[in-house]
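The structure appears right after this line, and notes come after that.
This one's a predicted model, so the numbers in the text were calculated from it and none came from an experiment. Side chains are part of it too, since the values below use all heavy atoms of this structure and drop only hydrogens, waters and symmetry mates.
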Amino acid sequence: MSSKKIFNIAIFVRDQKYYEQIEKYLQKTIAELNNISITFIAESEISTNYKFINLKEYTKKIQIDINENDFYKSLDSQIWKNKKVYKADPRYVGKTKELSWVDQYKLISSCRQIFKEEKFDLVFMGAASYLFWIVPHLVALEMNVLAYKLLFFDYINPFFKGIRVWFCTDPFWNIRTNSKYDFNWDDNKINTHVSSLRKSLIEDDFNLDATAVALKESFTPTKIRNIVKNLLKLFFRGDYLSKLRLIATRESIKNKKIYTDFNKLPNNFLLFPLNMPYDEQLLLRAPGFEDNYENIKYILDNLPKNSNLVIKEHPVNPGMLENKLIKNLLKNYPNIFFISPTVPLRDILSKSLGLITINSTAGLESLLINKNILALGMGYYKDLESVYKVDGVSIKKVLEQMISGKNIIINEEIELLLERILNQTFPEPNNFPDKKSEASRVMNEALHFKIKQITNFK
């Protein structure tokens, strides 16, 4: 009698604390599936009873036998859509760790070696753009190993209610990648979920910005205790991100003086809501568009005559754009207007001729309320026919088409997009477990359901 095949799973973790959390989320899987082998992988030593691989033991042995330019040329552009992924690492952004192409090269070489040796069937990693999560995922795609980035994606739920886990198979959000492994949820439940989502946005006018505003203190502190806390971190630890938060607080006070009143917005305008300046949406999924200020100038320099551009800072991070930069734009471009980030996106969008985005969830909201969008970065909706792109097309021509008021929204493909996203998420559609009390249970069931599905599939 032949023995049952062991299914090899790799899980990349950040540290001991993160590992312990993931282990809790695997309790149901471990208890009910007896044909799996789990390997944890990290950049530093962790205490575990499972098989463990320390990445540093591999990277320290890698010899550099290539120059930087040749290294980037060697990466497959179909997979490495951004070849300098180390620049999106939160440690690089926050200046807590020096990283370069050399670190990326060593990690790629190490992951290729590990995957070849271990022959994993399935790989999991966290959501943030740390090198030790992004690189293994991209190497897995190179080597045809199924890998998932775990994201919370309750944005797709009406009223943002409930918890939803997205098993994302591509760091650049191509939802067609490995789609044959998607869930196959009941069509009626999907339709009910999508109808509720549309109703929440259109009929009930749910303000998605409200959730973001609740997080504002973490990025642009206004409360005395939070300002003091960031001052202490800056002076005693030299914390770079604290410095940025304090600058944002100062600039947000200045910027209030130059905002245009909502009722005084001009006619014929496109709306450009900004991404947060150190968000991976810019740094990872928008190569060539990492700088908000340069992006604004790029759009203005190509905007048709007798049309306008309205800029909205991210509601989480008012003051993200320095006041002197805004004043410079206002001085040189008479057709630009800045509006308070506290004004709901929907209100401005409803008056606009469409939305320009680098890579924002605001794009989906725009599509759902039948507003044209131009997507400059990468995203799960980027390839829709309903979305304007500049791939091989002049942005000037695209902006002229948007200003003309021609609507290219195709509701059927937007419905299909939502269906695909829901079929990559857990729990089943139209099911909204409480975020606080049921998060652990949902993660347990999500991982168990996905792993069981893949083992049966393979």
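For the ring-ring contact (aromatic ring centres under 6.0 Å, His included) test, no residue two or more places apart in sequence or in another chain qualifies with Phe272. Shown here are the side-chain hydrogen bond (donor to acceptor under 3.5 Å, both in side chains) partners of Glu142, two or more places apart in sequence or in another chain: Trp80, Arg112. Listed by chain and residue number, nothing satisfies the side-chain hydrogen bond (donor to acceptor under 3.5 Å, both in side chains) test with Ser352 (two or more places apart in sequence, or in another chain). Contacts of Arg198 classified as side-chain hydrogen bond (donor to acceptor under 3.5 Å, both in side chains), with partners at least two apart in sequence or in another chain: Glu415. With sequence neighbours excluded, the residues that form a side-chain hydrogen bond (donor to acceptor under 3.5 Å, both in side chains) with Tyr148 are Lys450.
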Leu447/Val165 under side-chain contact (heavy atoms from CB on, under 4.5 Å): CA gap, chis, key distance, verdict: CA-CA 9 Å; Leu447 284 168; Val165 182; over 6 Å; no
Verdict with reasoning, Glu400 to Lys397, per salt bridge (charged side-chain N to carboxylate O under 4.0 Å, His left out): CA-CA 5 Å; Glu400 286 174 354; Lys397 183 177 180 180; over 6 Å; no
Trace of the side chain to side chain donor-acceptor pair (under 3.5 Å) decision for Trp166 with Gln424: CA-CA 6 Å; Trp166 182 15; Gln424 293 181 359; 2.9 Å; yes
Stepwise side-chain contact (heavy atoms from CB on, under 4.5 Å) test for Arg285 and Asn82: CA-CA 7 Å; Arg285 300 187 188 94; Asn82 182 344; over 6 Å; no
Ser77 and Lys83: CA distance, side-chain angles, deciding distance, side chain to side chain donor-acceptor pair (under 3.5 Å) verdict: CA-CA 8 Å; Ser77 297; Lys83 296 190 176 184; 3.3 Å; yes
Audit row: Asn323, Asn255, side chain to side chain donor-acceptor pair (under 3.5 Å) steps and yes/no: CA-CA 6 Å; Asn323 186 259; Asn255 289 352; 3.0 Å; yes
Test salt bridge (charged side-chain N to carboxylate O under 4.0 Å, His left out) applied to Glu365 and Arg346, step by step: CA-CA 8 Å; Glu365 184 177 356; Arg346 185 86 42 73; 2.7 Å; yes
Check against side chain to side chain donor-acceptor pair (under 3.5 Å), Asn275 and Gln281: CA-CA 7 Å; Asn275 289 85; Gln281 300 286 39; 5.8 Å; no
Steps toward side-chain contact (heavy atoms from CB on, under 4.5 Å) verdict (Asn359, Leu282): CA-CA 7 Å; Asn359 187 23; Leu282 283 182; over 6 Å; no
Pair Lys254-Glu251, salt bridge (charged side-chain N to carboxylate O under 4.0 Å, His left out): steps then yes or no: CA-CA 5 Å; Lys254 294 180 181 179; Glu251 297 303 306; 3.7 Å; yes
Audit row: Leu246, Lys243, side-chain contact (heavy atoms from CB on, under 4.5 Å) steps and yes/no: CA-CA 5 Å; Leu246 292 168; Lys243 177 182 177 180; 5.9 Å; no
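For Asn306, the CG atom is loosely surrounded, since the number of other residues' heavy atoms within 6.0 Å does not exceed 12. Within 6.0 Å of atom CG in Asp70, more than 12 heavy atoms from other residues, nucleotides or ligands are found, so the atom counts as buried in its surroundings.
Checked by atom type and distance alone, the side chain of Ser386 pairs as donor or acceptor with a backbone atom of Ile410 at under 3.5 Å. Under a 3.5 Å cut-off, the side chain of Ser366 and the backbone N or O of Lys371 do not form any donor-acceptor pair.
The CG atom of Leu241 sits 12.0 Å away from the OG atom of Ser218 when rounded to the nearest 0.5 Å. Residue Ile421 holds its CD1 atom at 5.5 Å from CG of Leu417, rounded to the nearest 0.5 Å. Here the CZ-NZ distance, from Phe432 to Lys161, works out to 4.5 Å after rounding to the nearest 0.5 Å. Put simply, NE2 on His137 and CD1 on Ile79 are 10.5 Å apart, with the number rounded to the nearest 0.5 Å. One distance of note links CG of Leu353 with CG of Leu399; it measures 11.5 Å at 0.5 Å rounding. One distance of note links CG of Asn178 with CG of Leu146; it measures 5.0 Å at 0.5 Å rounding.
Side-chain contact, Glu294 with Tyr298: no donor N or O sits under 3.5 Å from an acceptor N or O. Asn157 and Asp154 share no donor-acceptor pair across their side chains, judged by distance under 3.5 Å alone. Looking only at atom types and distance, the side chain of Arg245 has a donor-acceptor partner in the side chain of Asn230 under 3.5 Å away.
Looking at Asp103 and Tyr86, their side chains never come closer than 4.5 Å, going by heavy atoms from C-beta outward. Taking the side chain as every heavy atom from C-beta outward, Ile373 and Tyr381 approach each other to under 4.5 Å. Looking only at side-chain heavy atoms (C-beta outward), Leu265 and Val310 come within less than 4.5 Å of each other. The shortest side-chain heavy-atom distance between Phe338 and Leu329 falls under the 4.5 Å cut-off. Counting heavy atoms from C-beta outward, Pro171 and Leu138 have side chains that approach closer than 4.5 Å. No side-chain heavy atom of Asn328 sits under 4.5 Å from any side-chain heavy atom of Lys324. For the pair Glu438 and Ile163, the minimum side-chain heavy-atom distance is 4.5 Å or more.
A cation-pi contact links Lys351 to Phe262, judged by a cut-off of 6.0 Å to the six-membered ring centre and 45° from its axis. Stacking of Lys81 on the aromatic ring of Phe172 is not recorded, the 6.0 Å distance cut-off and the 45° axial limit not both being met.
For Asn268 against Ile403, the heavy-atom pair with the smallest separation is O-CD1, 4.3 Å.
Using a 4.0 Å cut-off between charged nitrogen and carboxylate oxygen, Glu290 and Lys84 do not count as a salt-bridge pair. Looking at Lys17 and Glu20, no side-chain N of the basic residue comes within less than 4.0 Å of a carboxylate O on the acidic one, giving no salt bridge. Under the 4.0 Å criterion applied to side-chain N and carboxylate O atoms, Asp391 and Lys382 are assigned as salt-bridge partners. Ion pairing of Asp239 with Arg237 is absent here, as no side-chain N (NZ or NE/NH1/NH2) approaches a carboxylate O to less than 4.0 Å.
Phe71 and Tyr105 have perpendicular rings, their planes meeting at more than 60° on a 0 to 90° scale where under 30° would count as parallel. Ring geometry for Tyr380 against Phe153 counts as perpendicular: the plane angle is over 60°, on a 0 to 90° scale with 30° as the lower cut.
Annotation: Phe449 is in aromatic contact with Phe183 [ring centroid separation under 6.0 Å]. Aromatic ring centres of Tyr25 and Phe124 lie farther apart than the 6.0 Å criterion allows.
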Would you mind writing out the side-chain donor-acceptor pairs for residues 126-136 within the sub-3.5 Å range, not counting sequence neighbours?
from   : atom 1 : to     : atom 2 : distance (Å)
Ser129 : OG     : Ala88  : O      : 2.8
Ser129 : OG     : Glu280 : OE1    : 3.4
Trp133 : NE1    : Phe12  : O      : 2.8

